[in-house]
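In what follows, a structure is listed as structure tokens, so that the remarks can point back to it.
As a basis for the values below, the full set of heavy atoms in this structure was taken, side chains included, without hydrogen atoms, waters or symmetry mates. The sequence lines fix the lettering, A, B, ..., with proteins before strands; numbering per chain opens at 1.
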There are 2 protein chains.
Amino acid sequence: MDELDFDIIKRLQTDGRTSYTDISEELGVTVGTVRNRVQRLIENQILKIVGVVNPFKTGSPSVTIFGMKVRHQKLDHVIKKLVAIPEVRFVAAATGVYDLYVEVITSSNEELYRVMKNGISAIDGIESIESSLILEIFKQSYDWDVGSQSSQ
Amino acid sequence: MDELDFDIIKRLQTDGRTSYTDISEELGVTVGTVRNRVQRLIENQILKIVGVVNPFKTGSPSVTIFGMKVRHQKLDHVIKKLVAIPEVRFVAAATGVYDLYVEVITSSNEELYRVMKNGISAIDGIESIESSLILEIFKQSYDWDVGSQSSQ
DNA sequence: ATTGATATTGAAAAATTTATAATTTATTAT
DNA sequence: ATAATAAATTATAAATTTTTCAATATCAAT
């Protein structure tokens with residue numbers, strides 16, 4: 001990871017379909033180099049180019065954020081199980097009131113209930129779950145500051 | 001929004017750089033149609049094609065999730081102010097313990113402190129803030145089920 | 001300095017995107 | 001129902017981008 005990687009990422013953060021040609025001209029390297037770099041970043045799972053939708057604009061989905069307290073000996077196990085559930089789209093460890101934050105998106109409340117009952121509740125090691133149904137998303141941006149070589 | 005829109009979105013959710021040609025062949029429509037649809041979806045802010053990075057793989061950032069309780073009369077105002085802060089990348093209204101969930105990404109703890117002190121704390125109407133520093137992200141997927149015409 | 005490994009470049013071929021006009025499909029008013 | 005209008009889709013060609021690959025350059029270790 002060097003300055004060029006960061007610069008390429010910055011460009012793709014604002015538009016994931018920016019042509020490698022454009023990026024190469026802007027950054028003063030060859031298209032091939034941009035291509036190689038992007039490929040490597042994607043292979044190493046540092047970068048992912050995806051179409052993102054606001055779930056509330058494509059239907060009436062159930063978006064839920066869970067705050068979980070977990071037995072620390074079981075943390076790895078709980079994470080592994082959660083990650084394996086398709087409807088679980090975000091899992092992160094945190095400090096503070098909850099050990100884990102988990103986001104689930106289903107296309108209905110019935111399906112949410114199914115995931116909670118058969119998927120999440122069945123996991124051994126979860127001590128408590130606080131759940132919040134998301135009503136509306138006001139901001140969802142992906143161009144956060146990836147920093148730079150010099151700032152590390 | 002019809003079945004074709006959903007199918008195009010589904011394809012882009014897994015790879016944002018899938019060629020329109022590929023999509024068109026797969027869905028049995030012309031490239032032009034795919035192009036028009038994607039353009040319209042992006043214009044209407046239903047779809048966004050972006051490069052997403054795992055912030056923890058591009059440095060040592062501060063990722064924080066805030067749970068906020070807000071005076072309901074001030075909710076619009078608080079949301080407006082939060083959305084305007086560049087480091088705030090996610091704002092959503094919720095049921096449950098918190099009225100708002102907010103995610104902030106900064107490239108350091110110092111910057112996080114600055115955003116909290118000058119940006120967030122300065123907003124009138126926030127009654128309480130619970131903050132959790134995210135330590136690691138285990139899953140971050142974007143291919144949630146956008147449903148279909150028939151399922152709506 | 002030399003070797004080996006890795007990354008970048010340049011150039012041509014293949015493929016995709018873009019633009020545009022014609023056609024089809026859908027919508028609205030009569 | 002029918003005609004008129006609008007909107008979306010198609011087909012085609014030109015412009016651009018992506019891909020491939022051999023040659024060159026860069027870097028790290030000996």
Side-chain angles (χ1 to χ4, degrees), chain A residues 1-60 142-143 145-152, chain B residues 1-60 142-143 145-152:
Chain A
M1 291 283 278
D2 60 7
E3 199 60 36
L4 181 58
D5 287 319
F6 286 116
D7 287 342
I8 291 171
I9 288 171
K10 279 173 194 161
R11 204 71 182 64
L12 291 170
Q13 275 182 318
T14 53
D15 180 1
R17 275 188 100 94
T18 313
S19 75
Y20 295 160
T21 307
D22 276 2
I23 298 174
S24 74
E25 279 168 7
E26 212 165 290
L27 302 181
V29 287
T30 319
V31 212
T33 300
V34 173
R35 199 179 128 72
N36 289 342
R37 295 295 189 110
V38 171
Q39 243 165 4
R40 212 190 50 210
L41 288 167
I42 290 172
E43 269 166 24
N44 298 342
Q45 299 183 40
I46 291 161
L47 174 71
K48 189 157 53 172
I49 299 173
V50 290
V52 185
V53 294
N54 177 338
F56 293 102
K57 294 201 173 170
T58 55
S60 312
Y142 298 91
D143 57 340
D145 183 12
V146 290
S148 61
Q149 188 72 343
S150 54
S151 74
Q152 290 197 192
Chain B
M1 291 283 277
D2 61 7
E3 198 61 35
L4 181 58
D5 287 318
F6 286 118
D7 286 341
I8 291 170
I9 289 171
K10 279 171 195 162
R11 203 69 182 66
L12 292 171
Q13 276 182 317
T14 53
D15 180 2
R17 278 188 98 94
T18 312
S19 75
Y20 295 160
T21 307
D22 275 4
I23 297 174
S24 74
E25 281 168 7
E26 212 165 291
L27 301 180
V29 287
T30 321
V31 213
T33 300
V34 174
R35 200 178 126 73
N36 289 343
R37 296 293 189 111
V38 172
Q39 242 164 6
R40 212 189 51 209
L41 288 167
I42 290 172
E43 267 166 25
N44 298 342
Q45 300 185 41
I46 291 162
L47 174 70
K48 189 158 50 171
I49 299 173
V50 290
V52 185
V53 293
N54 177 337
F56 292 102
K57 294 199 175 172
T58 55
S60 312
Y142 299 91
D143 54 342
D145 184 12
V146 291
S148 60
Q149 189 73 341
S150 54
S151 73
Q152 289 197 192

Atom CD1 of Ile42(A) to atom C1' of dT18(D): distance rounded to whole Å? 14 Å

All N/O donor-acceptor pairs, side-chain side in residues 45-52 of chain B, below 3.5 Å, sequence neighbours left out:
unit_1	atom_1	unit_2	atom_2	d
Lys48(B)	NZ	Gln140(A)	O	2.7

Are any of Arg35(A)'s side-chain N or O atoms less than 4.0 Å away from OP1 or OP2 of dT19(D)? yes

Where Ile23(A) and Leu12(A) come nearest, the two heavy atoms and their spacing: CD1-CD2, 3.9 Å

Rounded to whole Å, CZ of Arg40(B) lies from C1' of dA6(D) at a distance of 14 Å

To the nearest 0.5 angstrom, please state how far the CZ atom of Arg17(A) sits from the OG atom of Ser19(B). 7.5 Å

Between Arg37(B) and dT9(D), is there a contact of a side-chain N or O with OP1 or OP2 at under 4.0 Å? yes

Got a sec? Which of residues 46-54 of chain B come in under 4.0 Å of DNA chain C, heavy atoms? none

In residues 24-33 of chain A, which residues come under 4.0 Å of DNA chain D by heavy atom? none

Taking atom P of dC27(D) as reference, at what distance in whole Å does atom CG of Asp2(A) sit? 11 Å

If an axis is fit to five pairs at each end of the helix from dA1(C)-dT30(D) to dT30(C)-dA1(D), what is the angle between the two, to the nearest 10°? 50°

Under 4.0 Å from any heavy atom of chain B: name the first and the last nucleotide of DNA chain C that qualifies, 5' to 3'. dT16(C) to dA19(C)

Is the side chain of Asp7(B) donor-acceptor paired with the backbone N or O of Lys10(B) at a distance under 3.5 Å, no angle test? no

Separation of Leu4(B) atom CG from dA7(D) atom C1', in whole Å? 15 Å

Minimum heavy-atom distance between Thr18(B) and Asp22(B), given as atom pair plus value: CG2-CB, 4.1 Å

For Val31(B) versus Thr21(B), what's the shortest heavy-atom pair and its separation? CG1-N, 3.8 Å

Closest heavy-atom contact between Val53(B) and Gln13(A)? CG2-NE2, 4.0 Å

Tyr20(B) atom OH is separated from dT17(D) atom P, nearest whole Å, by 14 Å

With a 4.0 Å limit, can you tell me whether Ser19(B) has a side-chain N or O closer than that to the phosphate oxygens OP1/OP2 of dT18(D)? no

Check every strand shown and say whether Asn36(B) touches a base, only sugar-phosphate, or nothing at a heavy-atom separation below 4.0 Å. base

Can you see which heavy atom on Val38(A) is nearest to which on Tyr20(A), and at what distance? CG1-OH, 3.4 Å

Tell me whether Arg37(A) contacts the main-chain N or O of Met1(A) through its side chain, where contact means a donor paired with an acceptor under 3.5 Å. no

Gln39(A) backbone acceptor or donor facing Asn36(A) side chain under 3.5 Å: no

So, the side chain of Thr30(B) versus the backbone of Thr33(B): is there a donor-acceptor pair under 3.5 Å, distance only? no

Approximate separation, where rounding is to 0.5 Å, of Ile8(A) CD1 and Leu4(A) CG: 4.0 Å

Once you round it to whole Å, what is the distance between P of dT17(D) and CZ of Arg17(A)? 13 Å

Interatomic distance, Ile9(B) atom CD1 to Thr58(A) atom OG1 [nearest 0.5 angstrom]: 6.5 Å

Please give, in whole Å, the distance from dT19(D) P to Ile23(A) CD1? 12 Å

Results of salt bridge (charged side-chain N to carboxylate O under 4.0 Å, His left out) for Arg35(B) - residues two or more places apart only: none

Starting at atom CG of Asp5(B), determine the distance to atom P of dA8(D), rounded to an integer number of angstrom. 10 Å

